[in-house]
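Working notes, beginning with the structure itself.
In the text below, chain A, chain B and the rest are named by the order of the sequence lines, each starting its count at 1.
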Amino acid sequence: MEKQKIIDALNEIADWLEIKGENSFKCNAYRTAARTLEVFDGDFSKLIEEDKLAELKGIGKSLAEKITTLTKTDTLPLLEELRSIFPNSLLELLKIPGVGPKKVKTVFEKFDIKTVGELEYACNENRLVELPGFGLKTQEKILKGIELYKRSAGRFLVDVVSSSSERLLNSLKNLKEVNSLEVAGSLRRARETVKDIDILVASKKPEPIMKAFVLQPKIAQITNQGETKSSIVLEEGISADLRVVSPQEFPFALNYFTGSKEHNVALRSRAIKMGFKLNEYGLFKIEDDKETLLKCKNEKEIYKALGLAYIPPELREDRGEIEAAEKNKIPELVSDKDVLGIFHIHTDYSDGIFTLRNAVEIAKSLGLIYIGVSDHSQTAAYANGLKPDKVKQQWEEIDKLNEEIGDFKIFKGIESDILVNGALDYDENLLSGFDFVIGSVHSHFNMKEKEMTDRIIRALENPYITMLGHPTGRLLLARDGYPVDMDAIIETSAKNNVILEINANPYRLDLDWRYCRKAIEKGIILSINPDTHRREGFEHTKYGVGVARKGWCEKHHILNTRTADEVLNIFKKKKS
DNA sequence: GCCGTTTTCGGCCCGACTGTTTTCAGTCG
């Protein structure tokens, strides 16, 4: 059994044990082990072979044995046993907001409820109220939870959430009681998809803020309303939480609610070891059963008090950032203002909805100093891909525009389909005329991993490819990427000096941030590309910057932080 | 089930909110 399947199995065991009513720390041990494997970056099969699993933190003798059994036999007696006690569909019930393992256990044991549909029916028949610990309100809450669960998988693309969150911030920021406010949670950490919006406000007078929050327009539901915390569901289906804390507590609360959960746990454990207690209200020195608050003006001071360099939110995923901060080795992350130009732009030559000249105007209005145009190549008939004569026509127009507009540079590029055999989409003669070539897979997604990897590797070994576009082809919340061995892709790209794209389209965000770090460690240059077809798309670049930051990228790791001349040199060097 | 400069036993991050209770359990983040 491969690593990911083992991670899934361990999490499944944790779910079952919780439903069974096992000791919660034991359940957590399974989750911790799953998490440890997820973050482990080395050679997994070697670890098993050499019997060194138990050396990993969070995996002891018992779990090491279980993981080994899973690897070797593809199954585990414990897992089989748990699966025979409970129907598989119970795991689905856990995903309903307001329904946890205890409630699942109760409805299953008392009413033999196994599916979301059966649970909904029981609520509507008013049957849940008779259960111990349940009441009318609980039943209503579960019904609402089911409705929300059915409406969406519960996650949203980052551009949608960003605009909703801005709307919420705007509705609060001018209230005189608001001292400061900030978005926390996964949005602040620049995750690729977001479950809900967490807003944090510092104020000495929470009441009017709470009121304003729940009374604003475009709210579908108020799910929580307390003195310091309220929750709403917006018409778009996105949940939003507001928490109000005192100005003194604000940095601690901001740190706490930014997460990730794993980062928080690690930070708190560190605090405990140092004789502190850290929570959303403060950092406390514990001496003789007395707690003394250490005042911190901002997050930076909290980290400093814990002996750490400041850790930017994007890095707070418990993937080595605390160790890096300990050694003062936190990277100086690339930022929006470092981006000087952008590549991967589609004009109306293929399937974009603006002209070449429009593209220049939009880019200039955003303060950029160059763009790289890359329309689709001839095989992409669905996208009006360019035949060779069209390519030449576009080159002429680019030459004219470059002459006309002095302080701006347009690079000639193409997004060439990587054909099913791994070839690029034009002959060498034409390919050599482009400043840059993005190779992308747009067809035959259902190849086997080995075939797909070979196909892409062949393209990467083509001397005319400059960048690999959206390396996995995923569409977030809609379609998984094609199966591909990313480690092999990264290896081959490094060997052939191919730039990897961070596609900044909110549907893609591909290369995934988890691989960005691997890529730059191999010396690969990344390019943040909006892959835009319309005016608004230019501004998606910022989501790509988020991915790069999350992938530990500094300015020098990114192609489009360089000047036009520097970029041209890189392209020329690659071609030669 | 894991872990250890206080520890091989007894903790494990912890507080808000809700609802069902009459002091607490469950869920969430």
* Asked: In whole Å, what separates the P atom of B:dT22 from that of B:dG29?
  -> 28 Å
* B:dT23 and B:dC28, which share atom name P, separated by this distance in whole Å -> 26 Å
* **Length of the OH-P vector between A:Y30 and B:dC2, whole Å** => 8 Å
* **A:S239 and A:D241: side chain donor to acceptor below 3.5 Å** => no
* Contacts of type ring-ring contact (aromatic ring centres under 6.0 Å, His included), residue A:Y543, not counting sequence neighbours -> A:H540
* Asked: Taking CG from A:L63 and P from B:dC3, how many angstroms apart are they, rounded to a whole number?
  -> 9 Å
* To do: Mind calculating the distance between CD (A:E22) and P (B:dG1) to the nearest angstrom?
  => 8 Å
* Structure fact -> Rounded to whole Å, CD1 of A:I222 lies from P of B:dT18 at a distance of 12 Å
* Return the value, rounded to whole Å, for the distance between atom OH of A:Y281 and atom P of B:dG15. => 8 Å
* Asked: Any donor and acceptor pair, going by atom type alone, linking the side chain of A:T541 with main-chain N or O of A:P530 inside 3.5 Å?
  -> no
* Quick one: does NZ or CZ of A:K285 land under 6.0 Å from the six-membered ring centre of A:F276, within 45 degrees of the ring axis? -> yes
* Asked: Say you pick atom P in B:dG19 and the same atom in B:dT8; how far apart are they, in whole Å?
  -> 45 Å
* Asked: Atom CD1 of A:I142 to atom P of B:dT18: distance rounded to whole Å?
  -> 16 Å
* Nearest-angstrom distance, P atom, B:dG10 to B:dC17 -> 35 Å
* Asked: When the C1' atoms of B:dT20 and B:dC13 are considered, how many whole Å apart are they?
  -> 26 Å
* Taking CG from A:L200 and C1' from B:dG29, how many angstroms apart are they, rounded to a whole number? -> 13 Å
* To do: Verify whether one side chain among A:E177 and A:S203 offers a donor that lies under 3.5 Å from an acceptor in the other.
  => no
* Asked: With a 4.0 Å cut-off, would you call A:R319 and A:E317 a salt bridge?
  -> no
* Within less than 4.0 Å of OP1 or OP2 of B:dG15, is there a side-chain N or O belonging to A:N279? -> yes
* Using the P atoms only, state how far B:dG4 lies from B:dG15, rounded to an integer number of Å. => 24 Å
* Heavy-atom count around A:E50 CD within 6.0 Å, excluding the residue itself: above 12? -> yes
* Heavy atoms under 4.0 Å, any strand shown: does A:L267 hit a base, just sugar-phosphate, or nothing? -> nothing
* Asked: With distance as the sole test, does A:E109 use its side chain to make a donor-acceptor pair with the main-chain N or O of A:T106 at under 3.5 Å?
  -> no
* Sugar-phosphate means primed atoms, P, OP1 and OP2; the rest is base. With that split, encode nucleotides 20-28 of chain B 5' to 3' as B, S or - using protein heavy atoms under 4.0 Å. => SS----SSS
* At under 4.0 Å between heavy atoms, what does A:K66 touch on the DNA or RNA strands: base, sugar-phosphate, or nothing? -> sugar-phosphate
* Consider the side chain of A:S62, meaning its heavy atoms from C-beta on, and name the nucleotide among B:dT18, B:dG15, B:dG1 that approaches it most closely. => B:dG1
* To do: For B:dT18 versus B:dC12, give the span between their C1' atoms, rounded off to a whole number of Å.
  => 26 Å
* Write down the distance between CG (A:L56) and C1' (B:dG1), rounded to a whole number of angstrom. => 15 Å
* Residues two or more places apart in sequence or in another chain: which of them pass side chain to side chain donor-acceptor pair (under 3.5 Å) with A:Y515? -> none
* 5'-most by nearest nucleotide on DNA chain B - A:T223 or A:G58 -> A:G58
* With sequence neighbours left out, write down each residue that passes salt bridge (Lys or Arg N to Asp or Glu O under 4.0 Å) with A:E521, or none if nothing qualifies. => A:R517
* Residues which pass side chain to side chain donor-acceptor pair (under 3.5 Å) with A:E80, listed by chain and number, not counting sequence neighbours -> A:T75
* For B:dT8, what is the paired nucleotide under Watson-Crick or G-U wobble rules, both distances under 3.5 Å? -> none
* Any A:T228 side-chain N or O less than 4.0 Å from OP1/OP2 of B:dA16 -> no
Which pairs, protein N/O on one side and nucleotides 9-13 of chain B N/O on the other, fall under 3.5 Å?
| from | atom 1 | to | atom 2 | distance (Å) |
| --- | --- | --- | --- | --- |
| B:dC13 | O2 | A:R268 | NE | 3.3 |
| B:dC13 | O2 | A:R268 | NH1 | 2.4 |

* Pairwise C1' distance for B:dA25 and B:dT21, with rounding to whole Å -> 9 Å
